[in-house]
Student: 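Pasting a structure here, questions to come.
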Amino acid sequence: MGPRRIVCLTEEPTETLYALGEQDRIVGISGFTVRPPQARREKPKVSAFTSAKIEAILALRPELAIGFSDIQADIAAELVRRGVEVWVANHRSVDGILDYVRRLGALVGAGERANAYADGLRRGLDEIEAQAATLPVRPRVYFEEWDEPIITGIQWVAELVRIAGGEDVFPELSAQPLARGRILASGDPVVERAPDIIFGSWCGKKFRPEQVAARPGWSAIPAVRDGELHEIKSPLILQPGPAALTDGVTAMAAVIRRWAMRRGE
């Protein structure tokens, strides 16, 4: 039932299909895929975020290609023109990720397993949120998705910050679905909002705390003053799939708890 030959243009459908035991349907993956590790060993890499090897994808005879967001609109359009059925998801929230898992499962005839998996992911988030509710104090958190230009965290990241026990300092920007809507013209607004913790996840390159700390005026930020600059690896938090709802939020929660326990003594 459902498509037997699937090309995953981003990591989250790959991770989800493996989790559901439906990995045999996958015939091609994104070159940025790191979860699960065996996917890189087992599947040909045929795409990046904004580009894809169209001829290589066509050679795999896919029945469906799965992508994400406006970032992959051009890839999707070309594949559609070449006769490939394409599903481009556009979820931006925690609830959207859970719904995505359920829809993908239904698409491949694994609806019951997908519902159970999504329910388990939700329970894990509820447990983290309940633990966070016991913290003596909640830190103000700034999440940086990119450095030049400065881009603040997307909606699901801001929601996970709150679940983990923090308060996102740019809630109004997190509601912007496109990255260009979350660009800061300068670092001054971050200084003004005085975060206690800074998380960095620069997609595709290593976060450099020393570069962030050296920005003009940032020495006044509590997070910089106290050395609370932490990298969350982009595959763990910037992919709108299971990784963010498990290892990503867990990593943030651990940092937030350590901070809160020190302040609450």
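Start at 1 with the first residue, then count along the sequence. Side chains are part of it too, since the values below use all heavy atoms of this structure and drop only hydrogens, waters and symmetry mates.
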Student: What do the steps show when you test Asp119 against Arg102 for salt bridge (Lys or Arg N to Asp or Glu O under 4.0 Å), and what is the final call?
Tutor: CA-CA 10 Å; Asp119 289 346; Arg102 299 179 194 279; 2.9 Å; yes

Student: Please round to the nearest 0.5 Å and tell me the distance separating atom CG of Asp99 and atom NE2 of His91.
Tutor: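 Spacing of CG (Asp99) from NE2 (His91) equals 9.0 Å.
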
Student: Would you sort out whether Asp226 and Arg263 count as a salt bridge (Lys or Arg N to Asp or Glu O under 4.0 Å), showing the intermediate values?
Tutor: CA-CA 12 Å; Asp226 299 335; Arg263 297 306 182 281; 3.2 Å; yes

Student: Grouping I, L, V, M, F, W and Y whenever their side-chain heavy atoms are under 4.5 Å apart, do Ile97 and Leu121 come out in a common cluster?
Tutor: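 Cluster IDs for Ile97 and Leu121 match.
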
Student: Can Trp156 be reached from Ile128 by stepping across I, L, V, M, F, W or Y side chains whose heavy atoms are under 4.5 Å apart?
Tutor: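 Yes, one cluster joins them.
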
Student: Flag yes if more than 12 heavy atoms outside Arg61 fall under 6.0 Å of its CZ atom; otherwise flag no.
Tutor: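 Open.
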
Student: To check you understand the geometry: which heavy-atom pair defines the closest contact between Ser219 and Val224, and what is its length?
Tutor: CA-CG1, 4.0 Å

Student: Tell me whether Ser201 contacts the main-chain N or O of Ile232 through its side chain, where contact means a donor paired with an acceptor under 3.5 Å.
Tutor: yes

Student: Under 4.5 Å between side-chain heavy atoms, hopping through other hydrophobics if needed: is there a path connecting Trp259 to Val212?
Tutor: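 Looking at the clustering, Val212 is in a separate group from Trp259.
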
Student: Is there a path of hydrophobic side-chain contacts, each under 4.5 Å between heavy atoms, that joins Val137 and Val161?
Tutor: yes

Student: Around Asp70, counting heavy atoms of other residues, nucleotides and ligands shown, do more than 12 lie under 6.0 Å from its CG?
Tutor: yes

Student: Using a strict 4.0 Å threshold on nitrogen-to-oxygen distance, state whether Asp168 and Arg193 make a salt bridge.
Tutor: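 Answer for the salt bridge query: no.
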
Student: Should Leu9 and Ser30 count as side-chain neighbours, where that means a heavy-atom distance under 4.5 Å?
Tutor: no

Student: Heavy atoms, side chains only, cut-off 4.5 Å: are Arg92 and Ser69 in contact?
Tutor: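 With C-beta onward as the side chain, the pair touches.
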
Student: Is there side-chain contact between Ser234 and Gln239, with at least one heavy-atom pair below 4.5 Å?
Tutor: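 Contact flag for Ser234/Gln239 side chains = no.
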
Student: Go through Val169 and Val190 one step at a time and tell me if the side-chain contact (heavy atoms from CB on, under 4.5 Å) criterion holds.
Tutor: CA-CA 8 Å; Val169 297; Val190 183; 5.9 Å; no

Student: Listed by chain and number, what are the side-chain contact (heavy atoms from CB on, under 4.5 Å) partners of Lys53, not counting sequence neighbours?
Tutor: Ala56

Student: Is a side-chain N or O of Arg40 found less than 3.5 angstrom from the main chain of Gly31, in a donor-acceptor match?
Tutor: yes

Student: Grab the two heavy atoms, one from Leu60 and one from Val27, that are nearest each other, plus how far apart they are.
Tutor: CD1-O, 3.4 Å

Student: Take Tyr142 and Phe199, measure what ring pair (Phe, Tyr, Trp, His ring centres under 6.0 Å) needs, and give me the verdict at the end.
Tutor: CA-CA 6 Å; Tyr142 165 60; Phe199 289 119; over 10 Å; no

Student: Between Arg113 and Glu22, does any side-chain N to carboxylate O distance fall below 4.0 Å?
Tutor: yes

Student: Under a 3.5 Å threshold, yes or no: a donor from one side chain and an acceptor from the other, between Tyr18 and Glu42?
Tutor: yes

Student: Check Leu245 against Leu98 and note the closest heavy-atom contact, atom names and distance.
Tutor: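 Heavy atoms only, the tightest pair is CD1-CD2, 3.7 Å.
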
Student: Is the shortest heavy-atom distance from the side chain of Ile256 to the side chain of Ile197 under 4.5 Å?
Tutor: yes

Student: Under the rule for side-chain contact (heavy atoms from CB on, under 4.5 Å), what residues qualify as partners of Leu58, not counting sequence neighbours?
Tutor: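 Partners of Leu58 by the side-chain contact (heavy atoms from CB on, under 4.5 Å) criterion, ordered by chain and then number, come out as Ile54, Glu55, Arg82, Val84.
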
Student: What I'd like to find out is whether the side chain of Glu228 reaches to under 4.5 Å of the side chain of Arg262, using heavy atoms alone.
Tutor: yes

Student: Would you check, one step at a time, whether the test side-chain contact (heavy atoms from CB on, under 4.5 Å) holds for Ile198 with Trp218?
Tutor: CA-CA 11 Å; Ile198 293 174; Trp218 281 45; 4.0 Å; yes

Student: With respect to Val94, which candidate in Leu125, Val157, Val249 satisfies the side-chain contact (heavy atoms from CB on, under 4.5 Å) definition?
Tutor: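 Per the side-chain contact (heavy atoms from CB on, under 4.5 Å) rule, the option paired with Val94 is Leu125, out of Leu125, Val157, Val249.
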
Student: Are Leu17 and Gln23 close enough, and set up right, to give a side-chain contact (heavy atoms from CB on, under 4.5 Å), and what steps lead you there?
Tutor: CA-CA 5 Å; Leu17 289 170; Gln23 63 269 23; 5.6 Å; no

Student: With a 4.5 Å limit on heavy-atom distance, are the side chains of Tyr100 and Pro13 in contact?
Tutor: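 The answer is yes, as the side chains (C-beta and beyond) meet within the 4.5 Å cut-off.
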
Student: Verify, without hydrogens or angle tests, whether Gln72 (side chain) and Phe68 (backbone) share a donor-acceptor contact under 3.5 angstrom.
Tutor: yes

Student: With a 4.0 Å cut-off on N to O distance, would you call Arg122 and Asp95 a salt bridge?
Tutor: yes

Student: Check whether Leu173 and Leu178 end up in the same hydrophobic cluster, where Ile, Leu, Val, Met, Phe, Trp and Tyr are linked by side-chain heavy atoms less than 4.5 Å apart.
Tutor: no

Student: Is any side-chain N of the basic residue among Arg4 and Glu63 closer than 4.0 Å to the acidic one's carboxylate O?
Tutor: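 Here Arg4 does not pair with Glu63 in a salt bridge, since their nearest N and O are not under 4.0 Å apart.
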
Student: Can Arg123 and Glu129 be counted as an ion pair, charged N to O under 4.0 angstrom?
Tutor: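 Looking at Arg123 and Glu129, the cut-off is not met.
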
Student: For Trp202 and Glu145, run side chain to side chain donor-acceptor pair (under 3.5 Å): C-alpha distance rounded to whole Å, both residues' side-chain angles, the deciding distance at 0.1 Å, then the answer.
Tutor: CA-CA 5 Å; Trp202 297 346; Glu145 192 174 302; over 6 Å; no

Student: Phe207 and His230: aromatic ring centres closer than 6.0 Å?
Tutor: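 No - the distance between ring centres of Phe207 and His230 does not fall below the 6.0 Å cut-off.
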
Student: Using side-chain contact (heavy atoms from CB on, under 4.5 Å), reason through Leu184 and Thr152 one step at a time and then give a plain yes or no.
Tutor: CA-CA 8 Å; Leu184 298 180; Thr152 64; 3.9 Å; yes

Student: For a quick test of reading the model, state the closest non-hydrogen atom pair linking Val86 to Ala76 and the distance between them.
Tutor: CG1-CB, 3.8 Å

Student: For the pair Trp146 (side chain) and Ala179 (backbone), establish whether a donor and an acceptor sit closer than 3.5 Å, ignoring hydrogens and angles.
Tutor: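 Looks like no, no N/O pair under 3.5 Å.
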
Student: Distance check, rounded to the nearest 0.5 Å: Thr14 atom OG1 versus Lys43 atom NZ?
Tutor: 9.0 Å

Student: Regarding Asp247 and Arg35, does a basic nitrogen lie under 4.0 Å from an acidic carboxylate oxygen?
Tutor: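 Salt bridge present between Asp247 and Arg35.
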
Student: With distance as the sole test, does Arg25 use its side chain to make a donor-acceptor pair with the main-chain N or O of Val108 at under 3.5 Å?
Tutor: yes

Student: Supply the atom-to-atom distance Glu12 CD to Leu104 CG, rounded to the nearest 0.5 angstrom.
Tutor: 9.5 Å

Student: Counting only heavy atoms not in Glu210 (residues, nucleotides, ligands), do more than 12 fall under 6.0 Å from its CD?
Tutor: yes

Student: Identify whether the distance between the nearest side-chain nitrogen and carboxylate oxygen of Arg138 and Glu167 falls below 4.0 Å.
Tutor: yes

Student: Would you say Ser93 and Gln155 make side-chain contact, with heavy atoms under 4.5 Å?
Tutor: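 Yes, close enough: below the 4.5 Å cut-off.
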
Student: Indicate yes or no: at least one non-hydrogen side-chain atom of Ile221 is less than 4.5 angstrom from one of Arg225.
Tutor: no

Student: Indicate the atoms forming the closest heavy-atom contact of Asp196 with Pro222, along with that distance.
Tutor: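 Heavy atoms only, the tightest pair is OD1-CB, 4.0 Å.
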
Student: Please name the pair of heavy atoms, one in Trp87 and one in Leu64, separated by the smallest distance, quoted to 0.1 Å.
Tutor: N-CD1, 3.9 Å

Student: Does a side chain donor of either Arg257 or Thr134 reach within less than 3.5 Å of an acceptor in the other side chain?
Tutor: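 Per modelled atom types, Arg257 and Thr134 side chains form a pair under 3.5 Å.
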
Student: Taking atom CD as the centre, does Glu112 end up with more than 12 heavy-atom neighbours from other residues, nucleotides or ligands that are less than 6.0 angstrom away?
Tutor: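 Incorrect, the count does not exceed 12.
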
Student: Taking Asp147 as the fixed residue, which of Arg208, Lys205, Lys206 is the one that meets the salt bridge (Lys or Arg N to Asp or Glu O under 4.0 Å) rule?
Tutor: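 With Asp147 as partner, Arg208, Lys205, Lys206 yield a single salt bridge (Lys or Arg N to Asp or Glu O under 4.0 Å), made by Lys205.
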
